[in-house]
Undergrad: 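Below is the structure I would like to discuss, written out as structure tokens.
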Amino acid sequence: LHTVPIDRTVPHRFAAAYDPRTLAITYFFDDIAQYVAQSPSVSEVMRKQHFYAIVCAQSRGLNADYRVRILRVRAYTRQ
């Protein structure tokens, strides 16, 4: 997302999709794919791991008043 300016005054959708068949992870910002990571960056061990969401509010050293609101988290698997 370093090439996309982010208006932090409005809600946004950040997402990641993992496809174990192709060993690819796609990262999204506001429903638009931003980056796809594939082999060799995504290895076979990914099929055996558990995943966790890590979210934080970083002030980038400015010590500014900043708040992160998480409105929804969804996780699912294909059957």
Undergrad: Under 4.5 Å between side-chain heavy atoms, hopping through other hydrophobics if needed: is there a path connecting V36 to I25?
TA: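 In one cluster: no.
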Undergrad: Kindly indicate whether the side chain of L23, heavy atoms from C-beta on, has any atom under 4.5 Å from the side chain of Y18.
TA: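 Yes, at least one pair of side-chain atoms sits under 4.5 Å.
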Undergrad: Can you sort out the partners of T9 under side chain to side chain donor-acceptor pair (under 3.5 Å), two or more places apart, ordered by chain and number?
TA: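 Residues passing side chain to side chain donor-acceptor pair (under 3.5 Å) with T9: D7.
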Undergrad: Could you check whether any side-chain heavy atom of F29 comes within less than 4.5 Å of a side-chain heavy atom of H12, counting everything from C-beta outward?
TA: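 Yes - at least one pair of side-chain heavy atoms lies under 4.5 Å apart.
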Undergrad: Nearest 0.5 Å, what's the CE-OG distance between M46 and S39?
TA: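 Nearest 0.5 Å value for the CE-OG distance: 11.5 Å.
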Undergrad: Do T22 and Q38 have side-chain heavy atoms sitting under 4.5 Å apart?
TA: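 Result no, sub-4.5 Å side-chain heavy-atom pair not found.
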Undergrad: Closest approach of A37 and V42, non-hydrogen atoms and distance?
TA: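 Closest approach of A37 to V42: O-CG2, 3.5 Å.
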